[in-house]
Amino acid sequence: MKKPTVIVVGAGVIGCSLAAEFARRGATVAIIDAAEAASGTSASTFAWINGNDKSPEEYSLLNFLGVQAYEREAQRGGRWFHQTGMIQVAQSDQEAQTLETNVARIAWEDYGARVLTRNEVLELEPSLDPTRITGGAIYPREGWVDVETMCLSLLDRAIQSGATFLPFRSVAAVEQSHLVTVATDGTTQRHGADVIVVAAGNGTRGILANAGIDFPLLDPAENAEGAGEPGSSVGIISTTGRVQSGIRHFVRANGIALRPARNGGITFADHPTGGKWAKTDPQVWTVPGILLERARELCPALRDVAVESVHLGTRVLPRDGLTIADWADRDRSIYAVATHSGVTLAPHLATTVVDEVLDGVRHDSLAPFGLARFAAI
Ligand SMILES: Cc1cc2nc3c(=O)[nH]c(=O)nc-3n(C[C@H](O)[C@H](O)[C@H](O)COP(=O)(O)OP(=O)(O)OC[C@H]3O[C@@H](n4cnc5c(N)ncnc54)[C@H](O)[C@@H]3O)c2cc1C
């Protein structure tokens with residue numbers, strides 16, 4: 001049977017993963033982005049790969065399936081997943097007790113989470129200041145992703161399999177099976193396909209509004225001012241210059257999380273909240289300095305290194321905070337994917353969404369993440 005032709009809108013981590021999978025499965029696919037690949041939220045993410053402490057359980061499972069999809073990809077030679085394991089540090093007896101409860105709460109035995117003694121933490125992560133550690137826990141299947149390498153590699157893979165990439169073309173209108181793009185020089189172009197898959201991050205709502213669809217994503221403008229619902233925050237991701245920090249794992253402690261960075265430095269962010277800031281608040285620029293001090297307290301080798309880059313990212317947040325992957329119109333010509341934790345979820349969403357679009361098979365793990373759930377809200 002002839003495969004449908006597909007346009008993927010958005011070349012972030014979700015769109016690039018989808019495009020590579022569509023192309024691998026023999027579909028004719030074009031990828032359109034208003035800018036370059038990996039320039040949206042996927043450029044300002046912490047990229048922690050995990051199914052840790054997420055609720056409800058079906059969302060946690062979806063994330064764990066994402067972790068497993070990265071493991072399979074790494075076995076096939078993907079170079080972007082750094083499965084360092086995550087060490088959560090306890091800095092008081094009370095924190096150590098909370099950690100024990102958290103480890104016991106992880107529903108899957110094969111997630112491998114286990115409590116560590118203080119000595120075990122320091123053996124695994126000798127870069128940490130021993131005077132700051134009471135105990136800890138390890139989550140060995142977690143890690144981080146070099147998102148830029150991932151997106152560009154997947155895009156390249158898609159192109160090698162016959163896909164077309166159209167950067168710097170903004171989608172201005174969508175009708176059934178057609179869309180109109182405007183290039184940066186103002187020229188417009190009409191594109192057609194059997195199926196349009198919108199994976200445009202915070203641009204998804206506006207694109208679907210053009211097709212007359214009210215898509216339940218928090219307004220990015222609201223989001224950017226930090227005025228949305230809890231969690232609809234701007235997150236601040238900072239990276240130091242190159243440094244011999246000795247950090248081997250993804251490490252979290254109260255108030256700070258850090259991991260190795262693609263430039264040989266350390267990437268760090270606030271933890272557990274990730275912060276709740278307005279992009280326009282001048283105070284935002286004091287945050288990297290405050291967090292670097294916290295990172296130095298935990299890891300003294302960061303003493304002399306400075307912050308090299310700071311990214312302010314606006315989370316892609318469906319109204320209930322959970323993933324949306326579903327047909328957006330009755331005729332099944334427009335499919336939409338929008339989610340937070342999109343880096344963790346991308347490889348699993350790619351295979352399951354492509355199964356649904358090409359073969360009409362909806363994977364069990366996607367069942368709770370359709371649009372029908374918003375009808376009752
Ligand atoms: C601070 C922060 C920390 C995070 N930490 C983590 C984490 O640790 N782990 C994790 O798994 N996830 C994390 N996330 C979430 C994750 O980064 C996002 O879910 C993911 O990057 C979303 O990818 P996307 O492809 O859907 O969107 P994007 O990366 O935003 O890509 C969408 C693309 O669509 C394009 N586009 C938009 N509008 C149009 C238009 N009209 N026409 C054409 N193109 C258009 C944009 O240019 C963009 O390239 C974090 C997010 C933030 C902000």
Side-chain angles (χ1 to χ4, degrees), residues 12-14 16-17 38 40-54 60 63-75 77-89 111-113 124-125 127-128 136-154 235-253 256-272 274-275 288 291-292 294-295 298-299 302 305 307-311 313 315-316 339-349:
V13 71
I14 301 285
C16 290
S17 302
T41 299
S42 301
S44 50
T45 176
F46 207 24
W48 171 28
I49 302 308
N50 75 97
N52 195 330
D53 209 11
K54 302 193 179 188
S60 195
N63 280 268
F64 187 23
L65 290 168
V67 175
Q68 293 170 50
Y70 273 108
E71 290 173 340
R72 284 194 298 277
E73 175 60 41
Q75 277 167 8
R79 293 176 298 111
W80 42 85
F81 179 38
H82 300 274
Q83 196 170 32
T84 54
M86 190 277 279
I87 291 183
Q88 173 90 44
V89 167
Y111 202 74
L124 287 169
E125 198 53 79
S127 61
L128 301 179
I138 184 154
Y139 303 78
R141 295 178 74 172
E142 298 181 5
W144 63 280
V145 158
D146 172 351
V147 178
E148 194 176 325
T149 298
M150 174 174 169
C151 288
L152 298 183
S153 304
L154 290 174
I236 304 174
I237 307 294
S238 311
T239 299
T240 69
R242 193 177 163 75
V243 58
Q244 283 195 341
S245 66
I247 294 279
R248 300 170 182 169
H249 297 80
F250 195 112
V251 177
R252 299 199 308 169
I256 187 77
L258 45 91
R259 61 161 173 83
R262 74 192 301 267
N263 68 343
I266 290 293
T267 291
F268 58 92
D270 201 354
H271 168 76
L291 295 183
L292 182 57
R294 289 185 199 164
L298 201 60
C299 173
L302 298 176
V305 74
V307 173
E308 192 174 270
S309 63
V310 177
H311 284 93
R315 294 180 173 86
V316 180
T339 189
H340 183 52
S341 294
V343 184
T344 300
L345 296 171
H348 178 69
L349 288 179

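For the single chain, residues carry numbers from 1 onward in sequence order.
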Report yes or no: does S42 contribute a side-chain atom to a donor-acceptor pair with the main-chain N or O of V13 at less than 3.5 Å?
yes
Can you give me the closest heavy-atom contact between W80 and S153, atom names plus distance?
CZ3-CB, 3.4 Å
Nearest 0.5 Å, what's the CZ-CG distance between R294 and D270?
5.5 Å
Got a list of side-chain donor-acceptor pairs under 3.5 Å for residues 238-245, not counting sequence neighbours?
unit_1, atom_1, unit_2, atom_2, d
T239, OG1, T267, OG1, 2.9
T240, OG1, I266, N, 2.9
S245, OG, I247, N, 3.1

Do the rings of F81 and Y70 sit parallel, tilted or perpendicular, given the 30° and 60° boundaries?
tilted
For R262 and T149, which I'm curious about, is there any donor-acceptor pair between the side chains at under 3.5 Å?
yes
Work out which heavy atom in F268 is nearest to a heavy atom in L292; give both atom names and the distance.
CE1-N, 3.6 Å
Kindly indicate whether the side chain of N63, heavy atoms from C-beta on, has any atom under 4.5 Å from the side chain of L345.
yes
Would you compute the distance between atom NE2 of H348 and atom CD of E73 and round it to the nearest 0.5 angstrom?
15.0 Å
List in chain and number order the residues that pass salt bridge (charged side-chain N to carboxylate O under 4.0 Å, His left out) with E125, two or more places apart in sequence or in another chain; answer none if no residue qualifies.
none
Minimum heavy-atom distance between Y111 and G51, given as atom pair plus value
OH-N, 2.8 Å
Heavy-atom distance under 4.5 Å between the side chains of D146 and H82, does that happen here?
yes
Can you measure from CD1 (I87) to CG (L124) and round to the nearest 0.5 angstrom?
4.5 Å
Please report the interatomic distance OG1(T344) to CZ(F64), rounded to the nearest 0.5 Å.
12.5 Å
Between R259 and W48, is any pair of side-chain heavy atoms under 4.5 Å apart?
no
Looking only at heavy atoms, which two atoms of S17 and L154 are closest? And how far apart?
OG-CD1, 3.6 Å
At their closest point, which heavy atom of V343 faces which heavy atom of P347, and how far apart are they?
O-CD, 3.9 Å
Once rounded to the nearest 0.5 Å, what's the spacing between atom NE2 of H249 and atom CD of Q83?
11.0 Å
For T84 versus G143, what's the shortest heavy-atom pair and its separation?
OG1-CA, 3.8 Å
Close side-chain approach of K54 and S341, heavy atoms under 4.5 Å:
yes
Side-chain heavy atoms of I236 within contact of V310, under 4.5 Å
yes
Between the CG atom in N52 and the CZ atom in R252, the distance rounded to the nearest 0.5 Å is 5.5 Å
